[in-house]
Amino acid sequence: MMREALAIARKDLVLEVRSKERFAAMVLFSLVVVLAFRFAFDLFGIHEQRLSESHFLIPPVLWATVIFAATLGLLTVFSKEEENRCIDALLLAPAPRSALYVGKLISSFLPFLAIAMFVMGFLAVFFPYDFRGEYLAVAGLLVLGTFGYAALGVTAAAVSSTSRMREVLLPVIMIPIALFTIIVPSINATSDVLNADVPGALGEVRVIAISSVIFVVVSMLVFDYLWEA
Amino acid sequence: MLEIRGLSKSFGARKALQGIDLSVGTGEIVAFLGPNGAGKTTLLKVVSTLLTPTSGSVRVDGFDVTEEPEEARRRIGCVFHDFMLYDDLTVEENLAFFGRLYDARRSGPQLDALLDRVGLLHRKVDRIATLSRGMKQRVALARAMLNSPRLLLFDEPFTGLDEAAAETLRSFLRSFASSSGSVLLTSHDPRLAHGLAGRLVILSQGKVAREVRSGSIPLETFLHDFRELVGGVP
């Protein structure tokens with residue numbers, strides 16, 4: 001199963017590197033969102049001095065931007081498969097269809113993680129914010145959070161991929177489930193790390209990790225049935 | 001090679017296939033004919049495991065497509081109306097990818113031999129988007145042959161092909177059948193099907209309206225019957 005999953009992930013990444021459509025859109029979008037937050041804070045009189053000292057404002061900005069950009073990316077997870085009905089050729093493979101899920105999870109997670117790192121960079125440049133030097137811990141949370149979001153998102157993208165209302169359907173399916181399992185715990189964990197509350201952060205990490213495992217297991221179990229007509 | 005018993009497929013209230021019974025032996029070419037909406041493509045999709053039957057059974061080389069779909073898929077090659085190829089990958093990259101996916105990894109020389117067989121070796125580094133429809137179909141045929149299938153499913157194989165390309169394809173299919181492969185194809189053109197297939201099955205409104213051996217019926221008689229059953233010859 002892993003051989004097929006890796007073949008799908010590799011093919012997706014080759015197509016992404018070749019076209020750069022999805023990744024470029026996500027980078028530009030996240031840049032715009034970071035700048036929008038920056039101007040909004042200026043308008044409300046929250047200036048550089050306060051931003052650099054506020055360890056509660058940055059985590060929601062970081063995660064809102066990452067989640068918005070990742071959601072944009074999820075809209076096109078199956079778009080290459082819809083061209084020429086390539087999805088049928090994938091479904092004809094003599095392998096469990098969960099291989100398709102794992103392949104798409106890998107090829108979604110890696111660009112999302114790269115985007116998350118870009119967003120950290122944008123915040124460091126435009127706010128500017130130094131993450132109190134906790135770059136590694138915040139990066140670790142981004143790895144975990146984006147993985148969990150991708151684990152849920154690929155299945156939601158598969159569910160919505162055949163709908164003409166996919167742009168509306170995908171966030172409607174995803175956000176309510178992700179809100180208290182991935183998004184809020186990720187924001188809290190990042191705040192805890194920036195405020196040196198390690199036990200608090202570990203509690204939130206546990207929620208994200210358990211949620212991610214549940215998303216992966218359930219998705220692998222149901223993925224076969226998503227394509228049944 | 002293929003056993004279909006009491007096959008029905010419904011989409012909601014619409015019955016696309018009703019009580020289809022059919023056996024396809026090794027080395028046989030069987031053509032399903034009928035107007036648009038007769039159920040030809042639905043039948044191929046059920047046999048290929050892309051759709052599940054509403055009732056009845058389909059066995060490919062002894063494997064039930066519902067109970068053991070992965071084993072059935074190992075024995076099937078498919079060329080459908082959409083060629084199922086990635087436009088932004090080259091011919092070679094498409095085949096290498098599907099080879100890995102279908103557990104049929106081929107070395108460079110083996111892929112070259114396969115491309116040579118479909119007459120596209122000289123275009124192997126070109127992206128699919130740059131190929132003509134006929135060439136794309138030949139790449140799709142090469143992809144379908146990657147796992148050395150025993151049953152080839154071909155949806156409307158002659159659509160959009162010029163006479164030379166159609167003759168090349170006919171030769172390919174005859175050669176495949178003569179080397180112990182079986183072919184199930186659909187067509188809306190009874191003349192082309194009569195010249196190629198050993199058995200002709202006319203579908204109408206999801207049911208088998210007539211089944212004949214092409215050698216047992218002259219073309220004109222068959223065209224007359226076809227006209228009577230489905231109301232016209234394209």
Side-chain angles (χ1 to χ4, degrees), chain A residues 1-25 76-107 111 158 161-162 220 222-229, chain B residues 9-12 16 41-42 44-54 63 65-66 68-90 93-94 96-105 127-129 133 136 139-140 143-144 146-147 149 153 155:
Chain A
M1 193 269 275
M2 275 315 286
R3 186 189 56 240
E4 289 88 356
L6 289 173
I8 291 167
R10 185 177 151 187
K11 178 269 300 173
D12 281 351
L13 293 172
V14 166
L15 285 173
E16 184 56 50
V17 167
R18 202 161 278 174
S19 73
K20 297 177 189 69
E21 288 165 0
R22 182 165 72 143
F23 194 71
T76 55
V77 166
F78 288 96
S79 62
K80 289 288 177 193
E81 269 63 49
E82 284 154 27
E83 288 174 11
N84 305 327
R85 291 296 302 167
C86 287
I87 186 68
D88 287 346
L90 300 187
L91 298 177
L92 287 169
R97 284 170 180 171
S98 50
L100 175 56
Y101 169 76
V102 175
K104 288 290 176 187
L105 174 57
I106 295 168
S107 66
S161 65
T162 52
M220 288 181 73
V222 303
F223 221 66
D224 247 1
Y225 303 100
L226 294 183
W227 308 100
E228 293 292 329
Chain B
K9 177 68 187 173
S10 300
F11 298 99
T41 301
T42 302
L44 288 197
K45 290 198 167 180
V46 172
V47 173
S48 73
T49 76
L50 284 175
L51 293 175
T52 47
T54 305
F63 294 98
V65 297
T66 312
E68 298 164 286
E70 288 165 29
E71 288 304 322
R73 282 181 215 134
R74 282 184 201 285
R75 288 154 177 82
I76 294 172
C78 299
V79 184
F80 289 155
H81 187 70
D82 292 305
F83 296 128
M84 307 187 290
L85 297 166
Y86 292 96
D87 278 345
D88 292 331
L89 294 181
T90 67
E93 287 169 337
N94 265 285
F97 166 64
F98 285 113
R100 280 191 288 271
L101 198 65
Y102 292 173
D103 197 12
R105 192 187 287 252
R127 290 192 188 182
I128 294 296
R133 180 178 169 80
K136 286 179 186 174
V139 181
R143 189 210 49 234
L146 275 170
N147 56 338
L153 306 177
D155 193 14

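Values below: all heavy atoms of this structure, side chains included; hydrogens, waters and symmetry mates excluded. Chain A is the first sequence line, chain B the second, and so forth, proteins listed ahead of strands; every chain is numbered from 1.
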| field | Atom group of B/Glu93 that falls short of 4.5 Å from chain A, counting heavy atoms | value |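 For B/Glu93, the side chain is the part near chain A, not the backbone.
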| request: Output yes when B/Asp87 and A/Lys80 qualify as a salt bridge under the 4.0 Å nitrogen-oxygen rule, no when they do not. | output: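 The answer is no: the pair does not qualify as a salt bridge.
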| message | Quick check: closest heavy atoms across A/Pro94 and B/Tyr102, and the distance to 0.1 Å? | response |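 That closest heavy-atom pairing would be CD-CA, 3.8 Å.
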| Can you name the closest pair of heavy atoms from B/Arg127 and A/Arg18 and give their distance? |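 What the structure gives for the nearest pair is NH2-CD, 3.0 Å.
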| said: Has A/Asn84 got a side-chain atom pairing as donor or acceptor with B/Asp82's backbone, closer than 3.5 angstrom? | reply: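 Side chain of A/Asn84 to backbone of B/Asp82, a donor-acceptor pair under 3.5 Å: no, none is there.
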| request: Taking A/Arg85 for its side chain and B/Phe83 for its backbone only, find out whether a donor-acceptor pair lies under 3.5 Å. | output: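 No; zero donor-acceptor contacts below 3.5 Å.
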| query | What are the residues of residues 73-80 of chain B, in order of number, with any heavy atom under 4.5 angstrom from a heavy atom of chain A? | reply |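 So the qualifying residues are B/Arg73, B/Arg74, B/Cys78.
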| Point-to-point distance, once rounded to the nearest 0.5 Å, from CZ of B/Phe98 to SG of A/Cys86 |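 Separation between the atoms: 5.5 Å.
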| message | Rounded to the nearest 0.5 Å, what separates atom CZ in B/Arg100 from atom CZ in A/Arg3? | response |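 Here the interatomic distance stands at 10.5 Å.
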| Are any non-hydrogen side-chain atoms of A/Leu92 and B/Met84 less than 4.5 angstrom apart? |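 Counting from C-beta outward, A/Leu92 and B/Met84 do come under 4.5 Å.
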| query | So do the side chains of A/Asp88 and B/Lys45 get within less than 4.5 Å of each other, counting heavy atoms only? | reply |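 Result yes, sub-4.5 Å side-chain heavy-atom pair found.
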| field | Choice from A/Ala5, A/Pro96, A/Ser19, A/Gly103 maximising heavy atom contacts with chain B below 4.5 Å | value |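 The residue among A/Ala5, A/Pro96, A/Ser19, A/Gly103 with the greatest pair count is A/Pro96.
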| said: Between A/Arg97 and B/Glu70, does the salt bridge (Lys or Arg N to Asp or Glu O under 4.0 Å) criterion hold? Intermediate values first, please. | reply: CA-CA 10 Å; A/Arg97 284 170 180 171; B/Glu70 288 165 29; over 6 Å; no
Result block: side-chain N/O donor-acceptor pairs under 3.5 angstrom for residues 6-14 of chain A, not counting sequence neighbours:
unit_1  : atom_1 : unit_2   : atom_2 : d
A/Lys11 : NZ     : A/Glu81  : OE2    : 2.5
A/Lys11 : NZ     : B/Tyr86  : OH     : 3.1
A/Asp12 : OD1    : A/Lys104 : NZ     : 3.3
A/Asp12 : OD2    : A/Lys104 : NZ     : 2.9
A/Asp12 : OD2    : A/Ser107 : OG     : 2.8

